[in-house]
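A short worksheet on the structure shown next.
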Protein chains: 2
Amino acid sequence: MAKANGNQAGTPRGRRPKGQGPDLREAILNAAEGLFSRHGFYGVTVRQVAAEAGVDTALIHYYFGAKRELFDSVFARRAEILNEARLGAMRAYQAAQPDSMTVEGVIEAFIGPLVDLSMTDDPHWKNYFRLVALVNNTPDWGGETMHRYFDPVVHRLIDALKAAMPDAEIRDLYWCYQFLTGSMMLALSETGRIDQLSDGLCRSSDMQAVRARLFAYCAAGIQEVVRRHPEA
Amino acid sequence: MAKANGNQAGTPRGRRPKGQGPDLREAILNAAEGLFSRHGFYGVTVRQVAAEAGVDTALIHYYFGAKRELFDSVFARRAEILNEARLGAMRAYQAAQPDSMTVEGVIEAFIGPLVDLSMTDDPHWKNYFRLVALVNNTPDWGGETMHRYFDPVVHRLIDALKAAMPDAEIRDLYWCYQFLTGSMMLALSETGRIDQLSDGLCRSSDMQAVRARLFAYCAAGIQEVVRRHPEA
DNA sequence: GTCTATAAACAGATAGAC
DNA sequence: GTCTATCTGTTTATAGAC
């Protein structure tokens, strides 16, 4: 990934269009989100985004500058909303169960909001989660991006887990978080793999099935690792 | 992804070069493997592969044809070896414990060979696992590719889990497999994310730490899901 | 704000010399 | 087998008309 040339002064990049009819800026972001999430950054051309959004390529550069800045705008747009939802859920749970937090309760507060958003009628969140999964799995520049946007809420999770299990080793919690996020992101990105593997018995779009299993799965795994606290 | 034009007759694509000095065919595959695994299919140009391998682009087309065929060749090359290693480990475990298989034992037979190969001095396996993780996370065409190469060994895992837990619901096992593979692939692709998140306390290259935790984590999770057998 | 037109660079792929 | 040279189409990005 090349260097992202910072916005020069004077260019109207990032400004919202006036409130007149269809918001083309949002249309561009939605189109880019869907395409990037399915084909990756390099697998999508600016022209495809323009065609999908029903605008010209020049307009995309007018609003967002370079292609990479468009991608960053897509990623950033829902990150704040998502972080608010998660922090709210975790705060609410910690407030409701100040002295009897369970591991599974903490996990549910951390993952639940994502599953809920994915089950909304709004299909854009599914695209966004696919995109986050893709970034999370990008060794090249994904780590830096995840770090910038999502580390605070993850540290909040680690703290809550530590509160629920005071004897837990911090290193174990970090590793368990990685296992957890791998499962969560794959489930949320709905790759269709499980449909084919199970010959239709399971459908990757079945978020109800995920909800019914993922929290318990992760909670049991974490507790077992903490219980053994390996020294390696 | 465009149509893959089938090999016309007469072209020497896929043939091995004669045994003379450095094997350029393998050099190309190794270069492509490393680059594709880090930047994805569209993020790598044939010219980059050629430069990395120290050959000309024309030679790549001579050996492999189109870019997509090169990618498929990279993916297929180690798939067979990997499947053999896994099937061997699972067969060996089932033979050693015919009547007392544990869930964790089955899991270890399934994941262990990958961790072992990753800990080898040969760095190419790490690249390959990164590549598989990337394909596994590609909604577009990844499912089909995974299906073609890896479904048999996964079904073998499902069967072994069912043997270890006769009362288990098949649907639960498929879902748990998805959770498991998400954790496993993320851990094996060594994205560096946990290094940054934990501020150096954990290193994603520390396969010993993975080995000490992942098996127990997955086994406990699966057993808990099976124990509850949700109906959703 | 939005589009037309186009510049400038780069991609995948092949023909043909050696 | 391997490389030089090149064709052809596409890509990002911008300048400027409206």
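Order of the sequence lines fixes the chain letters, A, B, ..., with proteins taken first and strands second; residue numbering starts at 1 for each chain. Computed from a prediction, not measured in an experiment: that's the story for all the values here.
Using a 30° and 60° split on the angle between ring planes, Trp141(B) and Phe41(B) fall in the perpendicular class, above 60°. The aromatic rings of Phe71(B) and Phe75(B) lie parallel to each other, with less than 30° between the two planes, well short of the 60° mark.
When rounded to the nearest whole Å, the span between CD1 of Ile28(B) and P of dG1(D) equals 12 Å. Between Leu70(B) atom CG and dT14(C) atom P the separation is 14 Å, expressed in whole Å. Distance, Phe64(A) CZ to dT2(C) C1': 14 Å, rounded to whole Å.
Applying the salt bridge (Lys or Arg N to Asp or Glu O under 4.0 Å) test to residues at least two apart or on different chains, the pairs with a partner in residues 119-130 of chain B are Lys126(B)-Glu190(B).
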Q: Could you encode protein contacts along nucleotides 3-11 of chain C as a string, one character per nucleotide from 5' to 3', using B for base contact, S for sugar-phosphate-only contact and - for no contact, with a heavy-atom cut-off of under 4.0 Å?
A: BB------B
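Under the rule for a side chain to side chain donor-acceptor pair (under 3.5 Å), the partners of Thr45(A) that lie at least two apart in sequence or sit in another chain are Gln48(A).
The shortest distance between the side-chain N/O atoms of His61(B) and the OP1/OP2 oxygens of dT14(C) is not below 4.0 Å.
Going from atom CG of Leu157(B) over to atom CG of Leu161(B) covers 4.5 Å, rounded to the nearest 0.5 Å.
Arg148(A) CZ: more than 12 foreign heavy atoms inside a 6.0 Å radius.
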